[in-house]
Trainee: 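Before I ask anything, here is the structure I am working with.
A, B, ... follow the sequence lines: proteins, then strands. Residue 1 opens every chain.
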Protein chains: 2
Amino acid sequence: MRQQICDALRGEIMAGEISFNQPVREQNLAKRFGVSRNSVRDALLQLSQEGVLIYSPNCGVRVSSPPTRKESRLYAKLRREIEMHSLEITLSSWTKEDDGNLNRLQRILSVACEQQDLKVITETDLAMHRYWVSKASKELESVWLGITVRMLIAYSQLDNYMQCCLEHAAIVEAIACRDLSAAKKAVALNIRSK
Amino acid sequence: MRQQICDALRGEIMAGEISFNQPVREQNLAKRFGVSRNSVRDALLQLSQEGVLIYSPNCGVRVSSPPTRKESRLYAKLRREIEMHSLEITLSSWTKEDDGNLNRLQRILSVACEQQDLKVITETDLAMHRYWVSKASKELESVWLGITVRMLIAYSQLDNYMQCCLEHAAIVEAIACRDLSAAKKAVALNIRSK
DNA sequence: AATTGTATAATTGTCGACAATATGATTGTT
DNA sequence: AACAATCATATTGTCGACAATTATACAATT
């Protein structure tokens, strides 16, 4: 349940559906999701730890403001480090099933880019990158998520859907060929600050 | 309350007082801290997000195992990036009060090194580095904590107290002189994987 | 002795309620 | 009109209890 609330809220925040610095109320969410406030608290706490929300004791949580340009650049750098490391240590154990999973995600992304559905693009982009990081290490995934989600808060300004789509296709292609060098290049090209 | 539980547990885990992969039970902790289980859950969730504990749905949390050597190297690199960025954007607004706070921490560290009190060393080391990261950005602090705590899980093998002490003194000295280049060098020297 | 099945105990996940704190509205004073 | 004080409402923090799930212990079977 917590994960569902987290995913829904994270998606909305990253898609810019909730304004920056706006308070997020436990009771409203509890009503909306049909659960008790405690369950919502758990989700809000998780999202606070991820950096999507900012927690203040006794005052609840607010939506994080987007990172500064400097911070975004740092996040991009950190992400590249983590994702390249992940590819380095996982590529040799990549399976056909992994290929299939990535291809499926790429297809979803492709359709979303054609339909200019920003929310799905953001979610799928996240899921694709998350795939290789998660394959490397669950701990690393958690670190990566905290960085990536912060960075993607500003993603709502995406202005070139086709390029986004092509970049991800290049990553998937390189991985399918087990070409680490090409995969790293493609990832680095995709992860840059806006 | 949550913060107190978090700090206590984090300290114990980083000091190696709880074995890797050992389950951490809500009820035991609730009894120990004299609070309800819900309050403990919050703390455990936070520590899970930090990477100190590993959460499994319906099965509770376990103490994380230390990072692999490769991962430690990555964490050290990520930490250096974050801490240098933090110094870059904060050094120009560093105050006398900041100097005083850092000096106080350094003194605590010095005494702990003389007494070979590993727990206090770990906590103080963490607090010193956290100081400049937190000064840069609350969001960045949260990302940094997830990385640093993971890295410090293996810290219990510290074998040269005096070197640790001298390295931190060098950082504090460089900051007090507002010498960014020297501060960055000193931080980089201090942050290396074991 | 080793394996499987069942019951019991331990633990987690979620609930609603009460206490504590913060926020907003209203009233009083200058 | 502007500011301070007070009160009412909204919200968070924490509690203990019940439902659901997992782990452990014990009995039965091979």
Side-chain angles (χ1 to χ4, degrees), chain A residues 1-13 17-65 134 138-139 141-142 145-146 149, chain B residues 1-13 17-65 134 138-139 141-142 145-146 149:
Chain A
M1 193 65 237
R2 184 213 308 164
Q3 207 56 49
Q4 291 174 43
I5 299 174
C6 274
D7 291 343
L9 281 187
R10 195 191 294 110
E12 286 174 27
I13 290 167
E17 290 175 19
I18 316 185
S19 310
F20 307 136
N21 213 42
Q22 178 173 335
V24 178
R25 297 300 183 209
E26 295 175 0
Q27 297 193 128
N28 296 340
L29 289 178
K31 205 170 298 184
R32 172 174 152 196
F33 287 97
V35 295
S36 95
R37 211 162 44 74
N38 268 328
S39 302
V40 166
R41 285 180 62 80
D42 287 348
L44 295 183
L45 174 52
Q46 177 168 336
L47 289 172
S48 297
Q49 293 285 112
E50 286 178 15
V52 171
L53 300 173
I54 301 291
Y55 166 79
S56 307
N58 290 319
C59 300
V61 297
R62 288 170 180 273
V63 176
S64 288
S65 46
S134 176
K138 282 293 167 187
E139 287 88 1
E141 179 190 351
S142 154
L145 189 61
V149 167
Chain B
M1 192 68 239
R2 183 215 309 165
Q3 208 54 48
Q4 290 175 41
I5 299 173
C6 273
D7 292 342
L9 281 187
R10 195 189 297 111
E12 289 174 26
I13 290 166
E17 291 174 17
I18 316 185
S19 308
F20 306 136
N21 214 38
Q22 179 174 333
V24 178
R25 297 303 183 206
E26 296 175 1
Q27 298 196 128
N28 296 339
L29 289 178
K31 206 171 296 183
R32 174 176 153 194
F33 288 97
V35 297
S36 96
R37 211 163 44 74
N38 267 329
S39 302
V40 166
R41 286 179 63 81
D42 286 349
L44 297 183
L45 174 52
Q46 178 168 338
L47 290 173
S48 298
Q49 292 286 112
E50 287 177 17
V52 172
L53 299 173
I54 301 290
Y55 167 79
S56 306
N58 288 322
C59 300
V61 295
R62 290 173 179 270
V63 175
S64 289
S65 46
S134 176
K138 283 293 166 186
E139 287 88 359
E141 180 189 352
S142 155
L145 189 60
V149 166

Trainee: By side chain to side chain donor-acceptor pair (under 3.5 Å), which residues pair with Lys31(B), not counting sequence neighbours?
Mentor: none
Trainee: Starting at the 5' end of nucleotides 6-12 of chain C, put B wherever the base has a protein heavy atom under 4.0 Å, S where only the sugar-phosphate does, and a dash everywhere else.
Mentor: -----SB
Trainee: Can you tell me how far CZ of Arg2(B) sits from CD of Gln46(B), rounded to the nearest 0.5 angstrom?
Mentor: 5.0 Å
Trainee: Could you tell me which residues satisfy side chain to side chain contact (heavy atoms under 4.5 Å, CB included) with Ser65(B), sequence neighbours excluded, listed by chain and number?
Mentor: Phe20(B)
Trainee: Go nucleotide by nucleotide along DNA chain C from the 5' end; which of Arg62(A) and Met1(A) gets its closest nucleotide reached first?
Mentor: Met1(A)
Trainee: Say you draw a straight line from CD of Glu26(B) to CG of Asp42(B); how long is it, rounded to the nearest 0.5 Å?
Mentor: 10.0 Å
Trainee: Within this structure, what is the CZ-CZ distance for the pair Arg32(B) and Arg25(B), rounded to the nearest 0.5 Å?
Mentor: 15.5 Å
Trainee: I need the residues from residues 3-10 of chain B with at least one non-hydrogen atom less than 4.0 Å from DNA chain C; give them sorted by number, or say none.
Mentor: none
Trainee: For the atom pair CZ (Arg41(B)) and CG (Leu45(A)), what is the distance rounded to the nearest 0.5 Å?
Mentor: 11.0 Å
Trainee: Residues in side chain to side chain contact (heavy atoms under 4.5 Å, CB included) with Arg62(A), at least two apart?
Mentor: Asn21(A), Pro23(A)
Trainee: Under 4.0 Å from a heavy atom of chain A: give me the 5'-most and 3'-most nucleotides of DNA chain D that qualify.
Mentor: dT11(D) to dC15(D)
Trainee: What's the separation between atom OG in Ser142(B) and atom CD in Glu50(A), rounded to the nearest 0.5 Å?
Mentor: 9.5 Å
Trainee: Under the criterion side-chain contact (heavy atoms from CB on, under 4.5 Å), which of Val63(A), Val40(A), Leu29(A), Val52(A) is the partner of Leu9(A)?
Mentor: Leu29(A)
